[in-house]
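Beneath this line is the structure, given in structure tokens, with notes to follow.
In what follows, every chain begins at residue 1, and chains take the letters A, B, ... in the order their sequences are listed.
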Amino acid sequence: MTTTSHPVTGSPGTAGPTNSSDPTGRTIQRPKKPIPWGKIAAWAVMVIFLLITLFPFYWMLRTALSSNNALATDPGSLLPVGMNAGGFERVFGLQDVETAISQGGSGASINFWRYLLNSVIVATAVTVVQTFSCAMAAYAFSRLRWRGRETVFMIFLGSLMIPQIFTLLPNFILIKNLGLVDTLLGIMLPTLFISSFAIFFLRQFFNNISREVEEAALIDGASKARVFFMLILPMSSAPLATLALLTYMSAWNEYFWSLMVSYTDQSRVLTVALGVFRAQAPGTGPDWSGLMAATLVAAAPMLILFALFAKKIVNSIGFSGIK
Amino acid sequence: MSTATTSTRSAPRRRRKDDTKLALLFIAPATVGLLVFLVWPLLTGLYYSFTEYTTLTPPQWIGLENYQRLIADPIFWKSLKVTVLYVLINIGVQTVVALLIAVLMQRLTQSTILRSLVLTPYLVSNVVAAITFLWILDTQLGIFNIFLTWIGFDPVSFWSSETWVIPTVALVNVWRHMGYTALLLFAGLQSIPTHLYEAARTEGAGEITQFRRITLPLLRPILALVLIMTIIGSFQVFDTISVTTQGGPADASKVLQMYIYENAFAQYEFGYASALSVALLVILMVITFTQYWLTKAGQSDLD
């Protein structure tokens with residue numbers, strides 16, 4: 001990529017009409033504002049990235065709205081082909097078996113509402129309980145005075161180093177011994193109470209809350225527990241919301257652990273169900289229309305949540321914690 | 001409910017400085033979670049790696065046998081090779097692309113909308129990304145292969161060719177993660193004072209010089225941090241492969257996690273699977289410490 005230097009904001013020294021070439025001869029300044037080629041090239045690259053980023057989403061939608069038979073004969077059309085809602089109908093079990101098979105589905109029953117509900121239950125429970133439990137712990141590490149505080153905090157922090165893979169197998173055996181395999185509780189339990197990251201994240205924030213507010217409440221006779229629930233939590237609603245969103249997202253998208261624990265519809269979450277749906281390809285080849293409809297349904301709640309809270313999430317990504 | 005003893009004295013001090021009781025209550029749920037689902041599994045996992053454990057019978061101590069088997073296991077070494085290749089392609093491409101996006105955003109716009117769009121792929125699960133690209137890269141009907149044919153290339157069997165499968169998986173995951181990584185780097189770029197660029201520009205430095213002399217050195221600590229995080233994440237690749245190739249063709253995409261999963265849930269060899277996990281843990285620790293050490297060496301650039 002060639003980059004010529006160009007004034008982004010016209011600097012007074014070079015804008016004059018007599019200044020046709022600068023002393024080094026590298027850039028030629030014309031009386032009119034020069035065309036910012038560098039900037040145009042940069043935007044072009046950016047647009048290409050955006051296309052790569054967003055095209056797959058369009059393709060999901062386009063395929064989901066197409067019919068499998070038309071997809072086989074006209075795969076290259078950029079618009080939906082043989083447009084119908086068959087893909088979505090199969091996902092939600094609205095088609096009878098014959099219609100499903102004739103449209104390229106597997107005809108196997110898939111209970112998407114159930115999986116959707118399971119995902120909602122797991123992600124919601126994990127988000128609410130974990131955020132609350134970690135907020136309490138973070139408060140204890142940030143504001144309460146007790147012996148061993150720093151040591152215990154270091155242990156929590158150290159657990160951030162344990163990669164997920166290492167705890168998966170032993171946790172599976174634990175859940176199995178507890179008789180919780182193939183239950184939603186079994187899926188939730190390992191992350192229900194603890195995320196060392198969340199504790200770390202919230203502790204940082206609590207540390208920055210001015211002590212004066214708290215002290216005023218304490219002088220008025222409030223207990224520290226009361227201060228936490230009535231003062232600290234409401235004051236921290238912004239970081240708590242951000243954290244909750246991130247937790248919800250990762251719980252919703254989690255796959256490996258759920259795959260280990262869930263075996264039947266009663267505990268199957270969306271990600272695992274998608275994998276199963278994909279493996280049920282009928283003899284005629286995968287039901288692409290149905291699969292893309294399913295991926296859209298699985299992704300939609302996150303995309304909607306994101307559309308609502310994008311600003312908050314985007315601005316919270318960084319290393320300095322949150323402001 | 002009050003933790004302070006109110007009955008003992010009517011001293012002017014309202015409460016004791018010590019909040020131990022309340023603190024223990026507040027950390028109780030998180031501590032239970034930590035001990036039961038992180039610390040305990042760490043210990044049992046280590047223990048299982050020294051046992052023969054088929055889940056039907058209780059684990060039986062066999063000493064180092066699993067580790068001896070691991071060292072002599074060609075599939076383990078192959079899967080390690082595959083995993084490293086995956087990480088190299090994944091991290092290499094992702095870091096370059098993310099850095100480019102981050103720098104472009106820094107120079108062009110602060111728009112939240114643009115940053116949101118860039119982040120979108122990160123919102124969908126690996127499973128969704130995998131299935132979508134399974135379709136886009138399908139040999140016969142996939143739009144990308146149709147595009148390749150249209151510009152004069154032969155279609156490529158991205159998912160079923162031994163050569164292509166790992167680069168394919170690596171690039172699919174680049175697609176999902178590049179925006180997120182770019183935003184992390186973008187946040188780092190924000191901390192570089194703009195007057196440095198202004199000064200450089202008045203000195204007549206071009207964009208590339210500015211990037212090499214200002215951006216890169218000052219971003220290095222954050223870049224190192226991002227690298228540690230992404231490499232550790234990258235080593236734990238599983239979802240995409242589990243949904244698409246299951247490790248095939250001919251073990252060409254059998255990454256370590258896939259092999260561990262197979263041993264545990266297809267062969268029911270939890271002991272051996274645990275030994276494999278220990279091997280992965282050791283690799284991750286070595287990488288973390290090496291990088292940490294290298295980062296410390298380069299920390300001086302941060303003012």
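A distance of 10.5 Å separates CZ of B:Phe144 from CZ of A:Phe55, quoted to the nearest 0.5 Å. Here CZ of A:Phe49 is found 10.5 Å from CE of B:Met105. Values are rounded to the nearest 0.5 Å. Taking CG of B:Leu117 as the start and OG1 of A:Thr53 as the end, the distance is 8.5 Å to the nearest 0.5 Å.
Each of A:Phe57, A:Tyr139, A:Phe132 has some count of heavy-atom pairs under 4.5 Å with chain B, and the biggest count is that of A:Phe57. Annotation: maximal heavy-atom pairing with chain B below 4.5 Å, among A:Gln164, A:Lys176, A:Arg226, A:Met260, occurs at A:Met260. The greatest number of non-hydrogen atom pairs below 4.5 Å with chain B, out of A:Ser77, A:Ala299, A:Ser133, is found for A:Ser133. Note on B:Phe270, B:Trp135, B:Tyr122: by heavy-atom pairs under 4.5 Å with chain A, the leading option is B:Trp135. For the set B:Ser116, B:Gly233, B:Ala273, B:Ser277, the entry with the most heavy-atom pairs within less than 4.5 Å of chain A is B:Ser116. Options A:Ile155, A:Val152, A:Asn253 differ in how many heavy-atom pairs under 4.5 Å they form with chain B, and the most are formed by A:Asn253. When the candidates B:Leu284, B:Thr112, B:Leu281 are compared by the number of heavy-atom contacts under 4.5 Å with chain A, B:Leu281 comes out ahead. Looking only at heavy-atom pairs under 4.5 Å with chain B, the residue among A:Leu169, A:Ile52, A:Val129 that has the most is A:Leu169. When each of A:Ile173, A:Leu291, A:Ile162, A:Leu303 is scored by its heavy-atom pairs under 4.5 Å with chain B, the top score falls to A:Ile173.
Across B:Gly45 and A:Phe166, no two heavy atoms sit closer than the pair C-CZ, 4.2 Å. Residue A:Leu259 comes nearest to B:Ser242 through the heavy atom pair CD2-OG, 4.0 Å, listed as atom of the first residue, atom of the second, then distance. When all heavy atoms of B:Val128 and A:Ala298 are compared, the closest pair comes out as CG2-CB, 4.2 Å. The nearest pair of heavy atoms linking B:Thr244 to A:Arg278 is O-NH2, 2.8 Å. Between A:Ile199 and B:Ala30 the shortest heavy-atom distance is CD1-CB, 4.0 Å. Residue B:Leu108 comes nearest to A:Met46 through the heavy atom pair CD1-CB, 4.4 Å, listed as atom of the first residue, atom of the second, then distance.
Residue B:Leu42 touches chain A through both its backbone and its side chain, counting heavy-atom pairs closer than 4.5 Å. Heavy atoms closer than 4.5 Å to chain A are found in both the backbone and the side chain of B:Thr31. Of the two parts of B:Phe147, neither the backbone nor the side chain holds a non-hydrogen atom closer than 4.5 Å to a non-hydrogen atom of chain A. For B:Trp150, no part lies near chain A; criterion is any non-hydrogen pair under 4.5 Å. For B:Leu280, the part lying under 4.5 angstrom from a heavy atom of chain A is the side chain only. Residue B:Met178 touches chain A through its side chain alone, counting heavy-atom pairs closer than 4.5 Å. No part of B:Val32 comes within reach of chain A, as not one of its non-hydrogen atoms sits under 4.5 angstrom from that chain. Proximity to chain A is absent for every atom of B:Val103, based on heavy atoms less than 4.5 angstrom apart. Heavy-atom distances place no part of B:Leu256 under 4.5 Å from chain A, backbone and side chain included.
The distance between the ring centers of A:Phe141 and B:Phe26 does not fall below 6.0 angstrom.
Here the side chains of B:Val39 and A:Ser159 are not in contact, with every heavy-atom distance at 4.5 Å or above. Proximity of A:Trp252 to B:Ser125: side-chain heavy atoms (C-beta onward) are nowhere separated by under 4.5 Å. Taking the side chain as every heavy atom from C-beta outward, A:Trp146 and B:Ile27 approach each other to under 4.5 Å. For the pair B:Phe186/A:Val314, no side-chain contact is recorded, criterion being any heavy-atom separation below 4.5 Å from C-beta on. B:Ile136 places a side-chain heavy atom less than 4.5 Å from the side chain of A:Pro56. For the pair A:Leu174 and B:Pro41, the minimum side-chain heavy-atom distance is 4.5 Å or more. Using a 4.5 Å cut-off on side-chain heavy atoms (C-beta onward), A:Thr191 and B:Phe37 make no contact.
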For the pair A:Lys224 and B:Asp19, evaluate salt bridge (Lys or Arg N to Asp or Glu O under 4.0 Å) and give the outcome as yes or no after the intermediate values. CA-CA 9 Å; A:Lys224 287 218 169 167; B:Asp19 306 311; 3.1 Å; yes
Could you walk me through whether B:Asp138 and A:Trp288 satisfy the side-chain contact (heavy atoms from CB on, under 4.5 Å) test, starting with their C-alpha distance in whole Å, then the side-chain angles of each, then the deciding distance to 0.1 Å, before giving a yes or no? CA-CA 10 Å; B:Asp138 185 76; A:Trp288 290 117; 3.9 Å; yes
Could you give me the CA-CA distance, side-chain angles and deciding distance for B:Tyr261 and A:Leu168, then say whether side-chain contact (heavy atoms from CB on, under 4.5 Å) is met? CA-CA 10 Å; B:Tyr261 180 78; A:Leu168 285 178; over 6 Å; no
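At most 12 heavy atoms of other shown residues, nucleotides or ligands fall within 6.0 angstrom of atom OH in B:Tyr268.
Side-chain contact, B:Thr132 with A:Trp59: no donor N or O sits under 3.5 Å from an acceptor N or O.
Taking the ring-ring contact (aromatic ring centres under 6.0 Å, His included) definition, one finds that A:Phe193 meets it with nothing, sequence neighbours left out. Legend: residues meeting side-chain hydrogen bond (donor to acceptor under 3.5 Å, both in side chains) with B:Thr209, ordered by chain and number and at least two apart, are absent.
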